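Reading through the structure tokens given below for one structure.
The first residue of the sequence shown is numbered 1, and numbering continues consecutively from there. Everything numeric here is computed off the predicted structure, so don't read it as measured data.
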Amino acid sequence: MIRSGLVSISFRKLAPRQVVDLVAQGGLDGIEWGGDIHAPHGNVAVAREVAQMTRDAGLAVAAYGSYFNVGPEETLDFGQVLDSAQALGAPLIRVWAGKKSPNDADDAYRAACVEQSRRIAERAAAAGIVVAYEFHRKTLTETDDSAVRLLKEVNHPNMKSMWQPRVKDAIEVQLAGLEAVFPWLTNVHCFNWDLA
């Protein structure tokens, strides 16, 4: 089933109530709440408040857009991310696949990302929440081959992938990338950009 929604960070400067109102007015189904501003990591009280206003508007919490990076540089406690996701009632947590492009990541770096991915996937599974990588440049999901390799290396049923178009790629290349991660696909991020 395809359901439409909005990523709250599209409107970082707006308060959660304003985001909820816009999504409801737009006739969308739900909201991915961002962990950087609207539902800060570990602030369970705010997450509960945001979740309630979302439900009261007849909307779903589609996901929790965390800024957790699976990688050796991460200092954020995944427990805080998980607490907020649970308070929101989010079915999915979005995470980042490290902070390095595939060409800059050596085997040890990849192995650390794989190990941490498995750990957080297991913790989230125990809470009934799926984890999915952001499909993004300057991470291990920057290329289709690297994203698929990472997902295969992690090899955990609770570790999935999101997908979004790459701005400068031809449509055929983008569709090939979407097809490559399709076995792990959870959510698709679509957006508008200025190519000028």
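Residues that satisfy the ring-ring contact (aromatic ring centres under 6.0 Å, His included) test with Phe68, not counting sequence neighbours, are Phe78. With sequence neighbours excluded, the residues satisfying side chain to side chain contact (heavy atoms under 4.5 Å, CB included) with Asp83 are Val44, Gln86. Listed by chain and residue number, Ala108, Tyr109 satisfy the side chain to side chain contact (heavy atoms under 4.5 Å, CB included) test with Asp106 (two or more places apart in sequence, or in another chain). Under the side chain to side chain donor-acceptor pair (under 3.5 Å) criterion, Ser117 pairs with Tyr133, sequence neighbours left out. Residues forming a side chain to side chain contact (heavy atoms under 4.5 Å, CB included) with Arg55 (at least two apart in sequence, or on another chain): Ala51, Gln52. The side chain to side chain contact (heavy atoms under 4.5 Å, CB included) test applied to Pro183 returns no partner, not counting sequence neighbours.
Rounded to the nearest 0.5 Å, atoms CD (Glu32) and NE2 (His38) are 12.0 Å apart. Of the inter-residue distances, the one linking Glu153 atom CD with Arg118 atom CZ reads 8.0 Å to the nearest 0.5 angstrom. Atom CG of Leu178 sits about 12.0 Å away from atom CD of Gln164, to the nearest 0.5 Å. If you take CG on Asp36 and OH on Tyr67, they are separated by 4.5 Å, rounding to the nearest 0.5 Å. The OG1 atom of Thr143 sits 14.5 Å away from the CZ atom of Arg137 when rounded to the nearest 0.5 Å. From Asn155, atom CG reaches atom CG of Leu150 across 11.5 Å, with rounding to the nearest 0.5 Å.
Ser4 contributes no side-chain N or O that, together with a main-chain N or O of Gly30, makes up a donor-acceptor pair within less than 3.5 Å. In terms of modelled atom types and a separation under 3.5 Å, the side chain of Lys100 and the main chain of Ala97 share no donor-acceptor contact. Listed for the Ser101 side chain is no donor-acceptor partner under 3.5 Å among the backbone atoms of Asp104. A donor-acceptor pair under 3.5 Å is formed between the side chain of Glu74 and the backbone N or O of Leu76. Counting only distance, with no hydrogens or angles, the side chain of Ser161 and the backbone of Leu185 share no donor-acceptor pair below 3.5 Å. Within the 3.5 Å criterion, the main-chain N or O of Cys113 finds no donor-acceptor partner in the side chain of Gln116. Distance alone, capped at 3.5 Å, places no donor-acceptor pair between the Asp169 side chain and the Gln174 backbone.
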- Task: Would you please test Arg17 and Asp21 for salt bridge (Lys or Arg N to Asp or Glu O under 4.0 Å) and show each step?
- Result: CA-CA 6 Å; Arg17 166 57 60 200; Asp21 290 345; 3.8 Å; yes
- Does the salt bridge (Lys or Arg N to Asp or Glu O under 4.0 Å) test come out yes or no for Glu73 and Lys99, once each step is laid out? CA-CA 8 Å; Glu73 320 90 328; Lys99 292 185 177 182; 5.9 Å; no
- Go through the steps for Thr54 and Trp33 under the test side-chain hydrogen bond (donor to acceptor under 3.5 Å, both in side chains), then give the verdict. CA-CA 10 Å; Thr54 305; Trp33 286 106; 3.1 Å; yes
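Remark: the Ser146 side chain and the Arg110 side chain contain an N/O donor-acceptor pair separated by less than 3.5 Å. Residues His41 and Ser84 have side chains that never bring a donor and an acceptor to within less than 3.5 angstrom of each other. A donor-acceptor pair shorter than 3.5 Å can be found between the side chains of His156 and Glu122.
Across all non-hydrogen atoms, the minimal contact from Ile129 to Ala90 is CG1-O, 3.5 Å. The minimum heavy-atom distance between Asp144 and Ala176, with the atom names listed, is OD2-C, 4.3 Å. Ser66 and Trp96 get closest at one heavy-atom pair: O-NE1, 3.5 Å. Looking at every heavy atom in both residues, Leu140 comes nearest to Pro102 through CD2-CA, 4.1 Å. Listed here is the closest heavy atom pair of Leu82 and Ala127: CD1-CB, 4.1 Å. Taking each heavy atom of Arg166 and Glu142 in turn, the nearest pair found is NH2-O, 2.7 Å.
Under the 4.5 Å side-chain heavy-atom criterion for grouping Ile, Leu, Val, Met, Phe, Trp and Tyr, Ile31 is connected to Leu22 within one hydrophobic cluster. Using a 4.5 Å cut-off between side-chain heavy atoms of Ile, Leu, Val, Met, Phe, Trp and Tyr, with links allowed through other members, Val46 and Leu14 fall into the same hydrophobic cluster. By the rule that hydrophobic residues join a cluster once side-chain heavy atoms approach within less than 4.5 Å of another member, Met159 and Leu92 end up as members of separate clusters. The hydrophobic clustering, which links ILVMFWY residues whose side-chain heavy atoms are closer than 4.5 Å, places Phe11 and Val7 apart. When hydrophobic clusters are built by joining Ile, Leu, Val, Met, Phe, Trp and Tyr residues whose side-chain heavy atoms come closer than 4.5 Å, directly or via intermediates, Val130 is not grouped with Ile93.
Dense packing is recorded around CD of Gln80, with more than 12 heavy atoms of other residues, nucleotides or ligands lying under 6.0 Å away.
For His189 and Trp163, the gap between ring centers reaches or exceeds 6.0 Å.
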